[in-house]
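Okay, so here's the structure we're looking at.
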Amino acid sequence: MTQPIIPDIPGITKLSPLDMNGVHFNKRHTVLTPEILSSLSSKGTDGDK
Amino acid sequence: MASLFSDFLTALGVKHTEGYSDRKFAEMPFQSMFGLANLLKQYGVAAAGISVDKESRAEAMTRLPLPFLADTPDGFAIVTNVADGNVSYITQHKQFRVATDKFLAAWNGIALLASADENSVEPFYFRHHVAEIAEGVKRWVLRVLVVLLLGFAMWASGLWSHWAAWFTLLLDCIGIWLSWMLVQKSLGIHSGAADAVCSVLEEGGCDELARSEASSFMGIFKWSEVGLAYFSISLLALLLFPSTLPALAAINILCLPYTVWSILYQKFKAKVWCTLCVCVQATLWLLFVSYLAGGVIARILPFTPSFWINFAVLAACYIATLLGINALDTALSNHLKTDNDDTTNNT
């Protein structure tokens, strides 16, 4: 299998299996419409989960 | 409805069957990005999780290999294209396009990249594909046979030439379909058709009400079960015992106050609209109109001994069916709860 190419950008970090296991799926099946995306941006986001 | 996993496989161009892929996705021991990466590996797709700093996200968005999964606080989106200042993405099997800066503001920087090649394919794909075709054929054969049997029953019962009877038949079928979707919602069973109908008045309204206290009568049985029993028995009685029509119409009239309560509850108490529930109320009223226009309501009075016998027998049938559906629903609910508990304990 060919590994996906991760662009050589300084701010990108590859996640360990443990980190990846901490990123869970949302069970609510929300349709992420543009309106919902706007409301998510107003709440603020960060890379921590 | 296709899951995030099967949508992602489609975007990657990996041959798969929706049924098998969705089942594997639901059964993943680790319901996380790690679990998904492991599952993709079974399909010959290599995956890597990344985290992108806020300052680098704009550049990353244009350079990450497509498609990729982008994480947001409300779930993942499959990014399929980034061009002309817009991001095209898939969410819950639906396609959207939004300005890049809007998407970047919602994205938390976490992404799953994947790489598929010509050898990437679902395990035992051919066998699953044949099975999927067979399932489709079985579903269509069932639909055709049901339609033919309903038509035959209408002819055999002498109702063939009465337009109101056909309208009543159609409404009963619609009522069964709506009630079944409500039962699915109350059990937490995901249904694409139900979600599509529910999103008409208010997204998530059906889910909220289907699991609230108001969805059941004193916790004894659910209104969705009542609806399923009502429309099923009404349909059977119409086809097999058309002489019970006046009793059916009388029972329909007795149901109408419930529709008023339901609408008032949604508007003033719950303050959320359940599209499925509103459709069921509309169906009950349309049934009333059908019985009225078909001259059935005029045949209710004067009350005769045979009317009361039909009324009592129908009531017994409704109650017996309701109790049966309730027992099945409870058993299914307990089974699903046990399954969920097992999955939680294993992760």
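Sequence lines set the chain letters: A, B, ... in the order given, protein chains first and strands last, and positions in each chain run from 1.
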- [ ] Establish, yes or no, whether a centroid distance under 6.0 Å links the rings of B:Phe5 and B:Tyr43.
- [x] yes
Open item on the list: Under the criterion side chain to side chain contact (heavy atoms under 4.5 Å, CB included), I'd like the reasoning laid out for B:Leu69 against B:Val79: C-alpha separation, chi angles, the key distance, then a yes or no.
Closed with: CA-CA 6 Å; B:Leu69 289 185; B:Val79 176; over 6 Å; no
Open item on the list: Please identify, among B:Leu64, B:Val98, B:Ile50, the residue contributing the most non-hydrogen atom pairs under 4.5 Å to chain A.
Closed with: B:Ile50
Open item on the list: Please find the pair of heavy atoms, one from B:Met28 and one from B:Leu36, that lie closest to each other, and give the distance.
Closed with: SD-N, 3.5 Å
- [ ] Could you tell me which portion of B:Ala47 (side chain, backbone, both or neither) has an atom closer than 4.5 angstrom to a non-hydrogen atom of chain A?
- [x] backbone
TODO: Under 4.5 Å heavy-atom distance to chain A, tell me which part of B:Glu59 shows up: side chain, backbone, both or neither.
DONE: both
- [ ] With a 4.5 angstrom heavy-atom cut-off, could you sort out which part of B:Phe76 is near chain A: side chain, backbone, both or neither?
- [x] both
- [ ] Tell me, out of B:Ala111, B:Gly44, B:Ala77, who's got the most heavy-atom pairs with chain A below 4.5 Å.
- [x] B:Gly44
Open item on the list: Quick check on side chain to side chain donor-acceptor pair (under 3.5 Å): which of B:Glu18, B:Glu122, B:His16 does B:His128 satisfy it with?
Closed with: B:Glu122
Task: Largest heavy-atom contact set with chain A, pairs under 4.5 Å, which of B:Gly35, B:Ala116, B:Ser56 - done: B:Ser56
Open item on the list: Name the residue from B:Leu113, B:Asn81, B:Ile78 that meets the side-chain contact (heavy atoms from CB on, under 4.5 Å) definition with B:Pro67.
Closed with: B:Ile78
- [ ] Name the region of B:Ile90, side chain, backbone, both or neither, that has any atom closer than 4.5 Å to a heavy atom of chain A.
- [x] neither
TODO: Identify which part of B:Tyr89 has an atom lying under 4.5 Å from any heavy atom of chain A, answering side chain, backbone, both or neither.
DONE: side chain
- [ ] Can you tell which part of B:Ala60 gets under 4.5 Å to a heavy atom of chain A, answering side chain, backbone, both or neither?
- [x] both
Open item on the list: For the interface with chain B, which of A:Leu15, A:Thr13, A:Thr2 has the highest count of heavy-atom pairs at distances below 4.5 Å?
Closed with: A:Leu15
Task: CZ/B:Arg63: more than 12 non-hydrogen atoms of other groups inside 6.0 Å - done: yes
Task: Ring-face cation contact, B:Tyr20 with B:Arg23, 6.0 Å cut, 45° max - done: no
Task: A:Ile5 portion near chain B, given a 4.5 angstrom heavy-atom threshold - done: backbone
Open item on the list: Under 4.5 Å from any heavy atom of chain A, what part of B:Phe25 do you find: side chain, backbone, both or neither?
Closed with: side chain
TODO: For B:Gln42 and B:Lys24, run side chain to side chain contact (heavy atoms under 4.5 Å, CB included): C-alpha distance rounded to whole Å, both residues' side-chain angles, the deciding distance at 0.1 Å, then the answer.
DONE: CA-CA 10 Å; B:Gln42 293 177 30; B:Lys24 293 299 279 185; 3.9 Å; yes
